[in-house]
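Below is one structure, written out as structure tokens; the observations come after it.
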There are 4 protein chains.
Amino acid sequence: MDEFIDIPNSKLSEKEKLILKAACETFSEKGYNATSTKEIAKMAGVSEGTIFRYFKTKNHILKGLLVQLIELVVENIALPPIEKILQNETNKDDKEIFKEIIIDRMNLVNNNFKLFKVIVSEALFQEDIRGVVYNKLISRATFIIDDYYEKMVRNGTARQLPSKIVFSSIVGSIFMFILKRNMDSLYSNVEQDDNIDKDIDFLIDIMFNGIGSK
Amino acid sequence: MDEFIDIPNSKLSEKEKLILKAACETFSEKGYNATSTKEIAKMAGVSEGTIFRYFKTKNHILKGLLVQLIELVVENIALPPIEKILQNETNKDDKEIFKEIIIDRMNLVNNNFKLFKVIVSEALFQEDIRGVVYNKLISRATFIIDDYYEKMVRNGTARQLPSKIVFSSIVGSIFMFILKRNMDSLYSNVEQDDNIDKDIDFLIDIMFNGIGSK
Amino acid sequence: MDEFIDIPNSKLSEKEKLILKAACETFSEKGYNATSTKEIAKMAGVSEGTIFRYFKTKNHILKGLLVQLIELVVENIALPPIEKILQNETNKDDKEIFKEIIIDRMNLVNNNFKLFKVIVSEALFQEDIRGVVYNKLISRATFIIDDYYEKMVRNGTARQLPSKIVFSSIVGSIFMFILKRNMDSLYSNVEQDDNIDKDIDFLIDIMFNGIGSK
Amino acid sequence: MDEFIDIPNSKLSEKEKLILKAACETFSEKGYNATSTKEIAKMAGVSEGTIFRYFKTKNHILKGLLVQLIELVVENIALPPIEKILQNETNKDDKEIFKEIIIDRMNLVNNNFKLFKVIVSEALFQEDIRGVVYNKLISRATFIIDDYYEKMVRNGTARQLPSKIVFSSIVGSIFMFILKRNMDSLYSNVEQDDNIDKDIDFLIDIMFNGIGSK
DNA sequence: TATGAATGAGGCTTCATTCAT
DNA sequence: CATGAATGAAGCCTCATTCAT
């Protein structure tokens, strides 16, 4: 329920990358089920038959994307900003570091928004995909956040609270922040004063100090 | 796609309700595309032909569900707790009221989780559904939250912040809180000390005061 | 390995009969694998989709034919001529009865030659089909022949020999007789003096008395 | 179909033999149509492309097997035992010679059972294959048997009967004898007292003297 | 000469939708 | 109104065959 997705040291061939890219594109536009292998083939610029040389099944393409996503996240999980925090040896303000992380993660999500969208949407209905997402990604993210939060508490920069609630607040806020930005840019016809840097400052401010007055 | 969704003051016939209920059930389990009309028919206990007497198209069933969702939310939008707040005349603590609202909304979501799941997952890929969701639900929710938040500011219980960031924080936190609870109950094999009441208190605490120490 | 072919009290619908007939026709001409369901559909005068309302799978069509064959044989297994012999109460000469049986069986085979051809050819390669053919048909036929032969021995009209060799001789002779007649009529361009009645007399003569002189 | 089968004095290259062997193996297991060229390639230990260097078409592989079969039979057709008979100069009993032939032929068939199976099964459906089988093999066998039988008649060891009926009896008996032995060994779970030598004696006994008492 | 990647036609099967009963 | 048989378009996938390397 988990290990049947083996994450190979996936050096993908050029063709495989082409196909996955095309699949990600079309899946994210029309959804997995509504996308035909013929469409993927056309977008990838290969014949339909070729797809099945590289992916036994249409569903295996999805799994391929999942593997990509996992690698992407895993590879990025121990990146500088987070290392810094875990090492906790800078003299930077906690909020400053937090901001770096948020920006870093936001970029990760934004740059791979389609990939996330495809995986999440299919995780809703495919048990095995869901299992992998939960075990490989969510539980890992939870662990990191918890670990980090714990450090903050020890450092005296955060107060003692149930970590799972803290998780919901932090991750939920960031997630919705990203999501809303994406949707607003699609739907809102009002021109936006898009000062993202300040926005993130506010977001962090709320995380640390809440919305309550003093 | 087909044509625009007109939200009738829909008094649904018994059969229509049966079908929508069955569709909601199966869609939420397998997804819209992966569900056949035959399955819906069987689960609803009607013939396949009957479905098409009430819904011109399979996609119209989905639209039917959307309409149901909208009515559900709209009907509940001016409910007592919110009224209280908007009237702002109680002597209750703001947090107390907030908690009531959260619990109320959480119940709404939990009781209709499948419906939400179906709509959200399809909104990801069907332009017209997405449009309706955004315009009828999200923008409305935004408006309400904004309005309420503004009151709090005026009352001096909240400090002045950009409302869209406040929205992300509040809605994101609550959303993730609900989502995580649902997922943990599915995947975590650790027995949970499920003290939801306290958890919500903490959630609100964080909203108002942040996670920062002092 | 045997019972998954359940022989229903197969009152076949008109459509099912049409499809099976068409399938038998095309299978026997081109073979099972080389026949497309589209061809069957066209020959049956129905749409391709219709086929799959009645037969879950292309292979189920074959199974359907097998069931037909079994019914055909089983229904015919206790027919008058054989009954007569088993009752053994006529004053007819054994050879006379034998001849009746052969003619009767030959007609059975000739009238359903295509059906036999299809089943036999597929039994060569499909394990489950082969199992059913062996258990339902061959072993049954063996039993009948053995039983009958034993009677002849008791009656003193046949001498004591190993029954399985007797089986090979009798069934093999008849089988090849039928087969050769069919093939000759296809390939031999010599006009045949087709005196089947006399031929059968000779065939039986050989069975009873061999080809040796005196 | 493609073109006529020319039976070259086929000295096959090593590769060709490998491919034909592999094809014979897989065809006999799964049937011609159900076997992919990729499977043949893998079993032959060559690449798929190589196959098509040696055989223009998948069907040409089958033809290649047919040629092999024909050579096999033709080469064996004038073998010592038969020569002996045709020369008719031994003092051995006719039955003795007959037995030798049967055993010899049986071995031929048994050793090349898969090849026979493949050819026969495809001859059922491929017109050109069938033609070759009939003209090159069956008519030739008929001729031999007829010739031999005629000699026996002249020698006084067999009585005068229509040769085509004699053919059916002899060939059918032997054929069924071999077939039944093969099937019984597959399906019968009863342990067999496999005294093949005696069995053949009985088979010949029946051929010469029939099953009738005295 | 040998390889195996690439192709695209075609096979089996599903399914939304229609319509006669 | 309700049914469910019929349809045929479209989907996923296989495979014989070609061809650049």
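Residue numbers begin at 1 in each chain, while the letters A, B, ... track the order of the sequences.
Between the CD1 atom of Ile61(C) and the P atom of dG11(E) there is a distance of 14 Å, given to the nearest Å. Between the C1' atom of dC15(F) and the CZ atom of Phe55(D) lies a distance of 19 Å, rounded to the nearest Å. When the P atom of dG8(E) is taken as reference, atom CD1 of Ile51(A) falls 13 Å away, rounded to whole Å. We find that CG of Leu18(B) is positioned 11 Å from P of dA2(F), with the value rounded to whole Å. For the pair Lys30(C) NZ and dG10(E) C1', the computed distance is 12 Å after rounding to whole Å. Atom-to-atom, NZ of Lys42(C) to P of dG10(E) comes out at 12 Å; the value is rounded to the nearest Å.
Residues Asn112(D) and Leu69(D) fail the side-chain proximity criterion, which asks for heavy atoms closer than 4.5 Å. In this structure, Val120(A) and Val133(A) have side chains that are not in contact, with every pair of non-hydrogen atoms separated by 4.5 Å or more.
Stems are defined here as 3 or more consecutive Watson-Crick or G-U wobble pairs with pairing distances under 3.5 Å; those involving DNA chain F are E:2-21 with F:2-21.
Evaluation of the side-chain hydrogen bond (donor to acceptor under 3.5 Å, both in side chains) rule for Thr50(C) yields Ser47(C) as partners, not counting sequence neighbours. Evaluation of the side-chain hydrogen bond (donor to acceptor under 3.5 Å, both in side chains) rule for Ser121(A) yields no partner, not counting sequence neighbours.
Figure legend: cation-pi geometry between Lys58(C) and Tyr32(C), with NZ or CZ positioned under 6.0 Å from the six-membered ring centre and within 45° of its axis.
Each salt bridge (Lys or Arg N to Asp or Glu O under 4.0 Å) pair with one or both residues in residues 38-47 of chain C, not counting sequence neighbours, appears once here: Lys30(C)-Glu39(C).
Checking the phosphate oxygens (OP1, OP2) of dA2(F), a side-chain nitrogen or oxygen of Tyr54(B) falls inside 4.0 Å.
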Show which side-chain atoms of residues 18-29 of chain B pair as donor or acceptor with protein atoms under 3.5 Å away, not counting sequence neighbours.
from: Glu25(B); atom 1: OE2; to: Lys114(B); atom 2: NZ; distance (Å): 2.4
from: Thr26(B); atom 1: OG1; to: Ala22(B); atom 2: O; distance (Å): 2.9
from: Thr26(B); atom 1: OG1; to: Ala23(B); atom 2: O; distance (Å): 3.2
from: Ser28(B); atom 1: OG; to: Cys24(B); atom 2: O; distance (Å): 3.2
from: Ser28(B); atom 1: OG; to: Glu25(B); atom 2: O; distance (Å): 3.0

Subject >> Summary of protein contacts for nucleotides 12-21 of chain E, nucleotide by nucleotide, where a base hit scores B, a sugar-phosphate-only hit scores S (4.0 Å, heavy atoms) >> reply: BBB-BBB---

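Gly31(C) and Phe125(D) make their closest contact through N-CD2, 3.3 Å (heavy atoms, listed as atom of the first residue, atom of the second, distance). The nearest pair of heavy atoms linking His60(B) to Phe55(B) is O-CD2, 3.6 Å.
If you check every strand for non-hydrogen atoms under 4.0 Å, Lys15(D) touches sugar and phosphate atoms only.
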